[in-house]
Q: 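The structure follows.
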2 protein chains.
Amino acid sequence: MAEQPIYRQIAEDLQHKIEAGELHWDSRLPSEKELREQYDASRNTVRDAIQFLMTRGLVETRPGQGTFVMKKINPFVTTLTSEPETGRGGGEEGVYLAEVRAFDREPKNSDPTVEIKKAEGAIARSLRIDRGDQVIVRHQERDIDATPWSLQTSFYPMTLVTQRGATDLIRADDIPDGAVAYLADKCGIEQAGYRDTISVRTPDENEIRFFKLPADGRVSVFEIYRVGFDKDGNRFRLTITVYPSDRNRLRVDVGEVPPRELPAATGEKAAAGE
Amino acid sequence: MAEQPIYRQIAEDLQHKIEAGELHWDSRLPSEKELREQYDASRNTVRDAIQFLMTRGLVETRPGQGTFVMKKINPFVTTLTSEPETGRGGGEEGVYLAEVRAFDREPKNSDPTVEIKKAEGAIARSLRIDRGDQVIVRHQERDIDATPWSLQTSFYPMTLVTQRGATDLIRADDIPDGAVAYLADKCGIEQAGYRDTISVRTPDENEIRFFKLPADGRVSVFEIYRVGFDKDGNRFRLTITVYPSDRNRLRVDVGEVPPRELPAATGEKAAAGE
DNA sequence: GCAAATTTGTTCGTATGTATT
DNA sequence: CAATACATACGAACAAATTTG
């Protein structure tokens, strides 16, 4: 049995101190120089230990200041199956706002940006249209409690506007009840169901900037492709939502499941959804 | 605009070469020594660049051999909502085997290990039992096409054995049709529904070993807590499944959704589920 | 506003250990 | 056993960000 490398030993010791409460939230760890003396190791080895803890989200470093114990994030739980009756799912406009407020947290939506583009490979395949077909791209940024929380981009075939009269899709305005409800009202396209495909990947440059994630991709993001189907099984929209995995959880309810309990005051456990 | 650090420049250059097809799948990158000469940088800097690419799953290192361009993994898609009729969900024994075989891939289940433990905090909360109550812990390892794919651990209250006669739960044998079906048969506990909570975290030591993940936790894992409810809303089991996020996707179908298409021969796209 | 001190970020060099061929 | 290549560890220097006087 090989002995643990030094940097791991140091990391473990620091981790224990953090978990034992010796180092509380937002308190500064000893500087690299001090740690070097404490553990009688080189600076690089100490830095390896700190990086190990950073990868696991226990500490963060601030250039010129020091290394700090990370605040435990109270994750927000998005229920993907939230409103089967209306055919709308968790994460969508109206549902999202209601969900967040139900947990006593403050949502904020940016104004949407609207673009017209040619469909690229993945988009065209998801919507079963031809590559190069015109699509409407609507993009929104969302905060919870003033922290950047998710990025949502929806793609609609241009034919919804040109042939079905859904002209509000190309206005750079919020659609108050959500695009799904609008399409039902305006052109009678009812969403009979949707399919979510969930993957995890490293964030790109934009996402790192918006979510204020560490630049080296230690914190990954959920990427959810949601394809909406009408009652004939046709695909009429694709929504891609990106959530940083450190501050989000997803939930799926199947069959008969008791309703969610509301958060007990500021209790972490209820909100964490166990 | 600050210039990019050298290790990022090298990483980008290598990434371009990979994406341009100059370095094809499974081909070896130049050794660290050669890269050092090519880019006129130190070995540590070259290693930083390689680590950057490893984090993003573009290359892998094999001690004693070199650094290789990673094969694009054909992810397996687990549908969490797969069999609403039977009350069983994706990832569970019978469903899992059928799902994998339907996509022409070869599943393998290890024999389960069975332990009796006292329920710890998270387990007790999930099952709504008291901390310290006895629970049965059944653990299984799963491969697909000889690659380690998921780790599953189920927790059952001991009362199912002592008061309801579900004695097979404490036998270290496979339960062929799955524990859910067994409990329905044996003690009439029907699973009326279940709730999945999905989070992402860094793998622990065991998971790194089993899944052969990079030791420093760059590749994260999905962790799915599935709580089963009977028709009275009581919780009778908790199953925690861990999937490496680099080779797995999750799917959720809500409402009326056309059936999945079967893979077109060996096509990546169909299997990826777009 | 500026300069000094502190702290982390990046880069270099070197040495030794370990795994594989 | 030897060669190759990655993993860990040491030391040193300068750069960049931040705080303090």
Side-chain angles (χ1 to χ4, degrees), chain A residues 1-14 23 26-55 57-70 208-209 212-219, chain B residues 1-14 23 26-55 57-70 203 205 208-209 212-219:
Chain A
M1 180 93 169
E3 206 178 289
Q4 284 232 319
I6 295 174
Y7 79 94
R8 293 288 288 271
Q9 294 176 34
I10 299 175
E12 259 178 51
D13 190 60
L14 289 171
L23 296 160
D26 215 32
S27 68
R28 223 200 73 182
L29 267 64
S31 72
E32 290 175 356
K33 198 175 135 220
E34 290 169 308
L35 288 173
R36 192 183 123 174
E37 286 156 10
Q38 274 184 42
Y39 292 102
D40 193 32
S42 77
R43 187 176 162 225
N44 282 338
T45 303
V46 167
R47 281 177 62 75
D48 282 346
I50 289 172
Q51 188 171 21
F52 184 89
L53 296 175
M54 279 202 290
T55 303
L58 278 110
V59 303
E60 70 182 318
T61 57
R62 301 175 200 157
Q65 296 184 66
T67 305
F68 296 81
V69 179
M70 283 247 277
I208 285 173
R209 214 176 15 255
K212 297 184 179 49
L213 297 175
D216 58 3
R218 282 189 307 270
V219 175
Chain B
M1 180 92 170
E3 206 178 289
Q4 286 232 317
I6 294 174
Y7 79 95
R8 289 287 289 270
Q9 294 177 33
I10 297 176
E12 259 177 53
D13 190 58
L14 289 171
L23 296 160
D26 214 33
S27 68
R28 223 201 72 181
L29 267 64
S31 73
E32 291 180 353
K33 199 174 133 218
E34 291 169 308
L35 287 173
R36 193 186 125 167
E37 285 156 11
Q38 274 185 40
Y39 292 102
D40 194 31
S42 81
R43 203 186 141 220
N44 284 341
T45 304
V46 167
R47 280 176 62 72
D48 283 346
I50 290 173
Q51 184 169 328
F52 185 88
L53 295 175
M54 278 202 291
T55 302
L58 278 111
V59 302
E60 72 183 316
T61 60
R62 302 176 200 154
Q65 297 181 62
T67 304
F68 295 81
V69 179
M70 281 247 280
E205 295 298 323
I208 284 172
R209 219 182 3 260
K212 298 184 178 52
L213 298 174
D216 56 3
R218 284 187 303 270
V219 174

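Predicted model only: the values in this text are computed from it and were never measured. Labels below follow one simple rule: chain letters A, B, ... track the order of the sequence lines, proteins then strands, and each chain is numbered from 1.
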Q: Starting at CD of A/Q4 and ending at P of D/dA9, how long is that distance when rounded to a whole Å?
A: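 My rounded result for the distance is 10 Å.
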
Q: Rounded to whole angstroms, how far apart are CD1 on A/I6 and P on D/dT8?
A: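 The distance from CD1 of A/I6 to P of D/dT8 comes to 11 Å, rounded to the nearest Å.
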
Q: To the nearest Å, how far apart are A/F52 CZ and D/dA9 P?
A: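 Between P of D/dA9 and CZ of A/F52: 12 Å.
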
Q: Which nucleotide wins on minimum distance to the side chain of B/S42, given the candidates C/dT11, D/dG11, D/dA9?
A: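 In terms of side-chain proximity for B/S42, the closest of C/dT11, D/dG11, D/dA9 is C/dT11.
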
Q: Any side-chain N or O of B/T67 under 4.0 Å from OP1/OP2 of D/dC6?
A: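 So the side-chain polar atoms of B/T67 do come within 4.0 Å of the phosphate oxygens OP1 or OP2 of D/dC6, strictly under.
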
Q: Rounding to an integer number of Å, can you tell me how far B/F68 CZ sits from C/dT21 C1'?
A: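 Going from B/F68 (CZ) to C/dT21 (C1'), I get 11 Å.
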
Q: Any salt bridge linking A/R28 with A/E34? Criterion: basic side-chain nitrogen under 4.0 Å from a carboxylate oxygen.
A: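 A/E34 and A/R28: salt-bridged.
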
Q: Taking only the side-chain heavy atoms of A/N44 (C-beta and beyond), determine which of D/dA9, C/dG9, D/dA12 contains the nearest atom.
A: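 Per side-chain heavy atoms of A/N44, the pick is D/dA12.
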
Q: In whole Å, I'd like the distance from the CD atom of A/E60 to the P atom of C/dT7.
A: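 For the pair A/E60 CD and C/dT7 P, the rounded distance is 17 Å.
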
Q: Base, sugar-phosphate or nothing for A/R8? Non-hydrogen atoms, less than 4.0 Å.
A: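 The answer is nothing, as A/R8 stays clear of every strand by at least 4.0 Å.
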
Q: Mind running a 4.0 Å heavy-atom check of residues 29-36 of chain A against DNA chain C and sending the residues that fall below it, in number order?
A: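 Only A/S31, A/E32 qualify.
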
Q: Working to the nearest 0.5 Å, report the span between CD of A/Q4 and CD1 of A/I6.
A: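 Spacing of CD (A/Q4) from CD1 (A/I6) equals 11.5 Å.
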
Q: Using side chain to side chain contact (heavy atoms under 4.5 Å, CB included), reason through B/Y39 and B/D13 one step at a time and then give a plain yes or no.
A: CA-CA 10 Å; B/Y39 292 102; B/D13 190 58; 2.5 Å; yes

Q: Output the single nucleotide from D/dT8, C/dT8, C/dT11 whose closest atom is nearest the side chain of B/T45.
A: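 Of the candidates, C/dT11 comes closest.
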
Q: To the nearest 0.5 Å, how far apart are OG1 in A/T67 and CG in A/L14?
A: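 Rounded to the nearest 0.5 Å, the OG1-CG separation comes out at 9.5 Å.
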
Q: Using a cut-off of strictly less than 4.0 Å, decide whether A/R43 has a side-chain nitrogen or oxygen near OP1 or OP2 of C/dT7.
A: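 It does not, given that no N or O in the side chain of A/R43 lies less than 4.0 Å from OP1 or OP2 of C/dT7.
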
Q: Tell me which nucleotide among D/dC10, C/dG9, D/dC6 gets nearest to the side chain of B/R47.
A: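 Nearest to the side-chain atoms of B/R47, counting from C-beta on, is D/dC6.
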
Q: Using a cutoff of under 3.5 Å, can you pull out all pairs of nitrogen or oxygen atoms linking the protein to nucleotides 18-21 of chain D, with atom names and distances?
A:
none

Q: Determine: side-chain N/O of A/Y7 to OP1/OP2 of D/dT8, distance under 4.0 Å, yes or no.
A: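 Answer is yes, contact under 4.0 Å.
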
Q: First locate atom CG of A/D26, then atom CD of A/E60, and finally report the distance between them rounded to the nearest 0.5 Å.
A: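 Those atoms lie 7.5 Å apart.
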
Q: Are there more than 12 heavy atoms of other residues, nucleotides or ligands under 6.0 Å from atom CG of A/D40?
A: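 Count not over threshold, so no.
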
Q: Just wondering, more than 12 heavy atoms not from A/R36 lying within 6.0 Å of its CZ?
A: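 Check fails, neighbour count at 12 or below.
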
Q: Atom CZ in A/F52, atom CG in A/L58: separation rounded to 0.5 Å?
A: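 So the gap between those two atoms works out to 9.5 Å.
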
Q: Identify the two heavy atoms, one from A/P63 and one from A/T61, that lie closest to each other, and give their separation to 0.1 Å.
A: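 Residues A/P63 and A/T61, closest heavy atoms: CD-O, 3.9 Å.
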
